[in-house]
Amino acid sequence: MTVTRGLEGVVATTSSISSIIDDTLTYVGYDIDDLAENASFEEVVYLLWHRELPTKEQLEELKKQLAENAEIPNEIIEHFKLYPIDKVHPMAALRTAVSLLGLYDEEADVMTKEANYRKAIRLQAKIPTIVTAFARVRKGLEPVAPRKDLSFAANFLYMLTGKEPDDIATEAFNKALVLHADHELNASTFTARVCVATLSDMYSGITAAIGALKGPLHGGANEAVMKMLTEIGTVDNVEPYIRRKLANKEKIMGFGHRVYRKGDPRAKHLKKMSEKLTKLVGEPHWYEMSTKIEEIVTSEKALPPNVDFYSASVYHCLGIDHDLFTPIFAVSRTSGWLAHILEQYDNNRLIRPRAEYTGPGKRAYVPIDERG
Ligand SMILES: CC(=O)SCCNC(=O)CCNC(=O)[C@H](O)C(C)(C)COP(=O)(O)OP(=O)(O)OC[C@H]1O[C@@H](n2cnc3c(N)ncnc32)[C@H](O)[C@@H]1OP(=O)(O)O
Ligand SMILES: O=C([O-])CC(=O)C(=O)O
């Protein structure tokens with residue numbers, strides 16, 4: 001048996017959804033740079049689920065379906081009110097709420113292609129409502145009902161704040177959603193596929209994926225980046241802070257990647273947005289600190305920033321609470337998880353690798369009274 005730690009380089013499935021080849025990311029053949037500059041998140045959802053960009057009619061139909069399914073059962077909001085609210089991380093609340101949502105879907109265990117597509121729509125539509133409702137309930141505010149006339153990006157910001165966002169905020173948020181939508185066989189997507197490959201249901205797959213995304217080595221890194229920037233506080237503090245961390249062999253959040261070696265192609269878009277938004281809100285130090293960190297980490301460790309690094313200051317400038325950064329990642333990545341779940345169901349085989357055993361050799365059972 002050959003053990004590949006962390007499954008590095010192991011090709012575990014075929015997929016026609018997204019690819020990373022020579023540090024270039026494409027969704028169904030479209031370069032991420034093109035999509036980031038031009039596409040709406042709804043177009044990307046359609047692309048990931050149908051492997052083609054939508055016509056105007058197809059896009060309108062998807063938007064209509066998402067808008068019509070955005071409301072969540074009141075039981076979920078009542079459930080939030082039972083939590084020790086100031087101690088619950090929004091990713092834990094989201095994980096629980098998606099599992100709970102499955103209890104209210106009569107088709108949860110109906111496994112036809114049509115039923116699975118309807119559930120995909122419902123999950124994509126309701127997850128933003130769950131995230132924003134929790135964000136408000138924990139502050140003692142009423143949830144804001146979704147609006148049918150707003151884009152997916154604008155509606156999220158509207159449900160979060162109760163105010164219609166301006167074009168700059170909507171455009172930035174839409175771009176962030178596009179950039180986070182899918183990423184080949186990352187840890188949370190793999191988790192979703194492993195889960196549904198047992199022929200478990202879609203709610204279980206998405207709940208499992210949320211659990212995997214939550215960790216700071218994966219989606220949780222964006223919140224950790226903001227924590228680091230806040231701790232550093234000033235541009236002058238960057239150098240001693242980062243050098244100390246590197247000397248102690250601590251990881252710098254938002255840097256490094258399992259697949260990209262030369263750099264994450266998504267990072268430059270977020271960097272540009274971070275520069276623009278930090279200036280616009282009068283807090284340029286977040287961008288200045290970030291570029292200084294990048295300078296040191298890339299020269300000392302040759303580790304380029306990943307998607308999580310500049311997204312932190314972008315979301316901060318949009319006025320979003322720091323512990324909502326990873327749930328926002330989940331809002332977007334749900335589209336990719338669902339595409340992969342549907343693809344897994346279409347050509348399923350149980351995913352079950354082996355482990356090389358390293359424990360003790362064969363031995364006889366010792367009755368409890370005879371154990372020393
Ligand atoms: C959306 C996403 O999930 S993007 C990734 C988000 N995660 C982060 O930003 C957390 C910080 N980064 C990391 O922990 C890693 O780079 C990962 C988890 C992303 C990739 O991990 P792996 O491919 O397993 O690399 P691994 O952790 O083995 O690191 C290899 C070497 O680079 C170092 N290294 C990797 N990332 C970092 C980092 N961010 N800061 C400092 N050193 C690092 C490791 O310490 C290790 O050094 P060593 O060989 O001297 O022991
Ligand atoms: O692909 C990965 O390992 C992590 C990542 O960048 C993502 O999920 O977007």
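What you see is a predicted model; the values in this text were computed from it and never measured. Whatever order the structure lists ligands and atoms in, that order sets their numbers, starting from 1.
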Starting from [atom], find the nearest protein heavy-atom neighbour and note its residue, name and distance.
{"atom": "atom 19 (C) of ligand 1", "result": "Gly256 O, 3.8 Å"}
{"atom": "atom 27 (O) of ligand 1", "result": "Lys251 NZ, 2.7 Å"}
{"atom": "atom 11 (C) of ligand 1", "result": "Phe255 O, 3.3 Å"}
{"atom": "atom 7 (N) of ligand 1", "result": "Leu217 O, 2.9 Å"}
{"atom": "atom 4 (C) of ligand 2", "result": "His257 NE2, 3.5 Å"}
{"atom": "atom 3 (O) of ligand 1", "result": "His218 ND1, 2.7 Å"}
{"atom": "atom 47 (O) of ligand 1", "result": "Lys301 NZ, 4.3 Å"}

- Task: Fit a plane to each ring of His180 and Phe329, take the angle between them on a 0 to 90° scale, and name the class: parallel (under 30°), tilted (30 to 60°) or perpendicular (over 60°).
- Result: perpendicular

- Describe, in one word, how the ring planes of Phe134 and Phe80 are oriented to each other, choosing from parallel (under 30°), tilted (30 to 60°) and perpendicular (over 60°). perpendicular

- Message: Name the residue from Lys301, Lys268, Lys271 that meets the salt bridge (Lys or Arg N to Asp or Glu O under 4.0 Å) definition with Glu294.
- Response: Lys271

Return yes if some donor-acceptor pair links the side-chain N/O of [X] with the main-chain N/O of [Y] below 3.5 Å, else return no.
{"X": "Thr189", "Y": "Leu185", "answer": "no"}
{"X": "Arg363", "Y": "Pro360", "answer": "no"}
{"X": "Asp308", "Y": "Gly254", "answer": "no"}
{"X": "Gln124", "Y": "Ser335", "answer": "yes"}
{"X": "Asp201", "Y": "Ser204", "answer": "yes"}
{"X": "Arg261", "Y": "Arg258", "answer": "yes"}
{"X": "Lys262", "Y": "Asp23", "answer": "no"}
{"X": "Thr161", "Y": "Lys163", "answer": "yes"}

- Message: Less than 4.5 Å apart, side chain to side chain, heavy atoms only: is that true for Gln344 and Ile341?
- Response: no

- Does His218 come within less than 4.0 Å of ligand 2, judged by its heavy atoms? yes

- Min heavy-atom dist Arg333 to ligand 2 below 4.0 Å: yes

- Of the backbone atoms (N, CA, C, O) and the side-chain heavy atoms from C-beta on, which set of His183 has a member under 4.0 Å from an atom of ligand 1: side chain, backbone, both, or neither? neither

- Record the part of Leu303 in heavy-atom contact with ligand 1 below 4.0 Å; permitted values are side chain, backbone, both and neither. side chain

- Message: Can you see whether Tyr158 has Arg147 sitting over its ring - NZ or CZ less than 6.0 Å from the centre and within 45° of the normal?
- Response: yes

Are any of the protein's heavy atoms under 4.0 angstrom from [atom], yes or no?
{"atom": "atom 13 (C) of ligand 1", "value": "yes"}
{"atom": "atom 51 (O) of ligand 1", "value": "no"}
{"atom": "atom 24 (O) of ligand 1", "value": "yes"}
{"atom": "atom 21 (O) of ligand 1", "value": "no"}
{"atom": "atom 9 (O) of ligand 1", "value": "yes"}
{"atom": "atom 17 (C) of ligand 1", "value": "no"}
{"atom": "atom 36 (N) of ligand 1", "value": "yes"}
{"atom": "atom 32 (O) of ligand 1", "value": "no"}

Could you tell me which atoms of ligand 1, counted from 1 in the order shown, lie closer than 4.0 angstrom to a heavy atom of [X]?
{"X": "Gly254", "value": "8 (C), 9 (O)"}
{"X": "Ala221", "value": "6 (C), 7 (N), 8 (C), 9 (O)"}
{"X": "Asp308", "value": "1 (C), 2 (C), 4 (S), 6 (C)"}
{"X": "Phe329", "value": "1 (C)"}
{"X": "Val307", "value": "1 (C)"}

- Query: So is Pro216 in contact with ligand 1, going by heavy-atom distances below 4.0 Å?
  - Reply: yes

- Check whether any N or O atom of Arg266, backbone or side chain, sits under 3.5 Å from an N or O atom of ligand 2, and answer yes or no. yes

- Heteroatom distance test (His183, ligand 2): nitrogen or oxygen, under 3.5 angstrom: yes

[X] versus ligand 1: do any nitrogen or oxygen atoms come within less than 3.5 Å of each other?
{"X": "Arg258", "answer": "yes"}
{"X": "Asn306", "answer": "yes"}
{"X": "Met253", "answer": "no"}

- Message: Is it the case that the ring center of His257 lies less than 6.0 angstrom away from the ring center of His183?
- Response: yes

- Are Tyr117 and His50 near enough that their ring centres are under 6.0 Å apart? yes

- Pick one: which of Phe152, Tyr46, Tyr27 meets ring-ring contact (aromatic ring centres under 6.0 Å, His included) with Phe41? Phe152

- Query: Which atom names give the shortest non-hydrogen contact between Thr132 and Leu160, and what distance separates them?
  - Reply: CG2-N, 3.7 Å

- Message: What I want to check is whether the side chains of Asp105 and Tyr203 have a donor and an acceptor closer together than 3.5 Å.
- Response: yes

- Note on the structure: Of Ile252, Leu246, Leu213, the one whose closest heavy atom lies nearest atom 38 (C) of ligand 1 is Ile252

